[in-house]
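What you are looking at is a predicted structure, and each value in this text was computed from that prediction instead of being measured. Lettering follows sequence order; numbering is per chain, from 1.
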2 protein chains.
Amino acid sequence: MTNTKVYLEIVKQLREMITIDGLKTGDKIPSERELSERLNFGRSSVREALRALELLGLIETRRGEGTFIRDFRGHQLVQLLSTFILQDERAKRDVFETKNYLEMDCLRLALKKMNDQNHANLKDWVVKTDSFTDDEFFQRIIGTADNHLFLRIWIILKEYYYSLEAEDIVNKREDYLLLCEALAEKSEEKTISAYCKLRNLSFFNDKY
Amino acid sequence: MTNTKVYLEIVKQLREMITIDGLKTGDKIPSERELSERLNFGRSSVREALRALELLGLIETRRGEGTFIRDFRGHQLVQLLSTFILQDERAKRDVFETKNYLEMDCLRLALKKMNDQNHANLKDWVVKTDSFTDDEFFQRIIGTADNHLFLRIWIILKEYYYSLEAEDIVNKREDYLLLCEALAEKSEEKTISAYCKLRNLSFFNDKY
DNA sequence: ATCATCTAGTGGTCTGACCACTTTTTGAAG
DNA sequence: CTTCAAAAAGTGGTCAGACCACTAGATGAT
């Protein structure tokens, strides 16, 4: 009869509770004991559901205080999944390849969505900031690309990437300026070409 | 003193156990009772760890049989994260946009990596198969693109997509043939253009 | 050799009991 | 009345033991 596992049922009801009550990041959810009473399940089942959501990074529990809704960040996930997924060598090449293609997509999107103000801001930042990382630059690009999903995937890829290649990416400021120029000109060809220069890719020959 | 939560410690030790013993998909892991004895933790704590891994889709438990390592597919993750993440309307547009861009990337990759044999096979399949879905077609494309990470991300996006738009994608066979032609010609421009025709996108005007 | 039955093993769930920690309340001293 | 330390209440963390439901393998009669 009880075809669905209790802890999954609890997860489901928690989701509903969150949607209906409009709970937001940082909000507190009922205590384990209260949940087990209200939902008519044992406390251990409630805990199993909560622990699963915690490992996913969707909630945060603080002893003595309570359980809170949390902003989603991939972090727990990536470490976990990487041991399960990133087993063979080919996977390494895939990460590299995928990250590059994704960044090019974000550039194409930014190309379409940027306005003059965006261009000015970006260039201003590149020129005036003493020292910035490659990540910070692309975070801005993806910001103007205005696509949270791309951002999320990119963040995960970035973490994979750094778990493979320890060293930070360092590039010359002029390369980034070239990219800014290409974006301002709204030329996809120039933009992609500038990106390849930045990453040291020969576009028609990137076997890796 | 016990700074790290027990269930996280158990997850960690399970990962080590899997790596060291070289356990693979489908293999059985020790029973809950045995784990709680071997690791010196209560059974409920062991269960919390297992439930979390199960919700992630990394293991599968069958009552009366045992717990098994599972092949990772976005599966549970997608459904879960979608309600927690895809709350606003903008997210819907993001899924659409991201899926399209990702598919174009796969086409570009396939363009570079395909050989004549691949082309022949693909065209043959398109012509001879009575009825195929859009998913099946792109699964083949990503197959020749030979990038498991792209495949994984695409599968997740596909599920997001269908959780938003219930209806299956149906296209004309000739559109797919056009795409095959473009790939065979190794022309990126024609390929992208054929894709846009397939998806009814005007390439320079796809605000949504 | 076959097949139904029993049994041991496994996951699923609940209860009650502590512990460690945080927040709130209480109440005495000023 | 205010202040502030002590007590109480609330919360997550963990464990042990008890049952239930289900599966697979052992048992035993035919």
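Remark: A/T67 is in phosphate contact with D/dG12, judged by side-chain N or O atoms under 4.0 Å from OP1 or OP2. Using a 4.0 Å cut-off, no side-chain N or O of B/S45 falls inside it from OP1 or OP2 of D/dG13. Regarding contacts with the backbone of C/dT10, every side-chain N or O of B/T61 stays at 4.0 angstrom or more from both OP1 and OP2. For the pair B/R47 and C/dG11, the criterion of a side-chain N or O lying under 4.0 Å from OP1 or OP2 is not met. For the OP1/OP2 pair of D/dT14 and a distance below 4.0 Å, the side-chain nitrogens and oxygens of A/R43 include no atom meeting the criterion. Between A/R63 and the phosphate of D/dT14, there is no side-chain N or O to OP1/OP2 separation shorter than 4.0 Å.
Rounding to whole angstrom units, CD1 of residue A/I29 and C1' of D/dG10 are separated by 16 Å. Taking atom CD of residue B/E65 and atom C1' of nucleotide C/dG11, one finds them 10 Å apart after rounding to whole Å. Protein atom CD of A/E37 is 14 Å distant from nucleotide atom C1' of D/dT11, rounded to whole Å. A/F68 has its CZ atom 11 Å from the C1' atom of C/dT23, to the nearest Å. Across the protein-nucleic acid pair, B/E32 atom CD and D/dG17 atom C1' stand 15 Å apart, rounded to whole Å. Rounded to whole Å, the distance from CD on B/E60 to C1' on C/dT10 is 15 Å. At whole-Å resolution of the value, CD in A/E54 and C1' in D/dG13 are 11 Å apart. One interatomic measurement links the two molecules: NZ of A/K28 to P of D/dG12, which rounds to 7 Å at whole-angstrom precision.
Salt bridge present: A/R51 and A/E54 bring a charged side-chain N and a carboxylate O closer than 4.0 Å. Ion pairing between a basic and an acidic side chain is recognised when a charged N comes within 4.0 Å of a carboxylate O; B/D146 and A/R93 show such pairing.
A/R33 contributes no side-chain N or O that forms a donor-acceptor pair with the base of D/dG10 under 3.5 Å.
Side-chain atoms of A/Y101 and B/L102, non-hydrogen and from C-beta on, never get closer than 4.5 Å to each other. Side-chain contact check for A/I29 versus A/M17: every heavy-atom pair is 4.5 Å or farther apart.
The residue B/G64 sits close to a base: some heavy atom pair falls under 4.0 Å. Backbone-only engagement by A/S31 is indicated by non-hydrogen atom pairs under 4.0 Å involving sugar-phosphate atoms exclusively. Heavy atoms of A/R62 sit under 4.0 angstrom from primed sugar atoms or phosphate atoms, though from no base atom.
Toward the 5′ end of DNA chain D lies the nearest nucleotide of A/E34, the other residue of the pair B/F41 and A/E34 mapping further downstream. Where B/S44 and B/P30 meet DNA chain C, the nucleotide closest to each residue was compared, and B/P30 sits on the side nearer the 5' end.
A donor-acceptor distance shorter than 3.5 angstrom exists from the side chain of A/N118 to the backbone of A/N115, with no hydrogens or angles considered.
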